[in-house]
Amino acid sequence: MALDAQWSAVARGYRNALILAAVFGVGAVAIGFAAGRPAVGLFVCMGLAMGGYNARKLWNDTQALNAEVPNPKTAVMKTSLARLGGITVFAFLIAALWRTNGWGIFVGLVLFQIAMMSLLVRPLRRVVFP
């Protein structure tokens, strides 16, 4: 299989993860309203959005890799650590400020990561280990 087709499968998996995250978000809001705690559903949606933002920034950083940079892995690692640190600090602030409902942001982050990894493991394996 050509490398472009393999990357196309990765992009399709990423797009499907975003669609699945939107479905999870609608479900979280519905469950939150049904349970009498609508804010939890909104915080789950916020976590899903933050997971989507992180994945998009990672995709952009990967696409922008430059062969002339002495050690491109280090550059990607630094930007990823800074981005993940910011997301983590923001999530902890939300959880601390809204103690009873704020934990939903972590549920959203975890849900997005599970959805993304379950949809991308096979296509990425084909790209990395052809």
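FYI, side chains are in, hydrogens and waters are out, and symmetry mates aren't considered; it's all heavy atoms of this structure. We're numbering straight along the sequence, starting at 1.
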Treat each ILVMFWY residue as a node, draw an edge where side-chain heavy atoms are under 4.5 Å apart, and state whether M50 and Y14 are in one component.
no
Treating Ile, Leu, Val, Met, Phe, Trp and Tyr as nodes and any side-chain heavy-atom pair under 4.5 angstrom as an edge, say whether V40 and W98 lie in one connected cluster.
no
Taking the side chain as every heavy atom from C-beta outward, state whether T79 and K57 have any pair of such atoms under 4.5 Å apart.
no
Hey, quick one: are M116 and L111 part of the same hydrophobic cluster, counting side-chain heavy atoms closer than 4.5 Å, chains of contacts allowed?
yes
Identify the two heavy atoms, one from I105 and one from A91, that lie closest to each other, and give their separation to 0.1 Å.
CG2-O, 3.8 Å
All heavy atoms of L109 vs all of G51, minimum pair found to be CD2-N, 3.7 Å
What are the two closest non-hydrogen atoms of A39 and N101, and how far apart are they?
CB-ND2, 3.5 Å
Grouping I, L, V, M, F, W and Y whenever their side-chain heavy atoms are under 4.5 Å apart, do V26 and L48 come out in a common cluster?
no
Kindly indicate whether the side chain of R56, heavy atoms from C-beta on, has any atom under 4.5 Å from the side chain of L18.
no
Nearest heavy atoms of L119 and N16, plus distance in Å:
CD1-C, 3.7 Å
Taking the side chain from R83 and the backbone from Y53, do they hold a donor-acceptor pair closer than 3.5 Å?
no
Quick one: closest heavy-atom pair of Q113 and N54, and the distance?
NE2-ND2, 4.2 Å
Determine, using ring centers only, whether F92 and F106 are less than 6.0 Å apart.
yes
Below 4.5 Å, heavy atoms only, C-beta onward: do F90 and M46 meet side chain to side chain?
yes
I need the minimum non-hydrogen distance between F112 and A21, along with the two atoms involved.
CD1-CB, 3.6 Å
Joint cluster assignment, F24 & V29, ILVMFWY side-chain distance < 4.5 Å
no
Could you measure the distance from the CZ atom of R12 to the CG atom of L120? Nearest 0.5 Å is fine.
11.0 Å
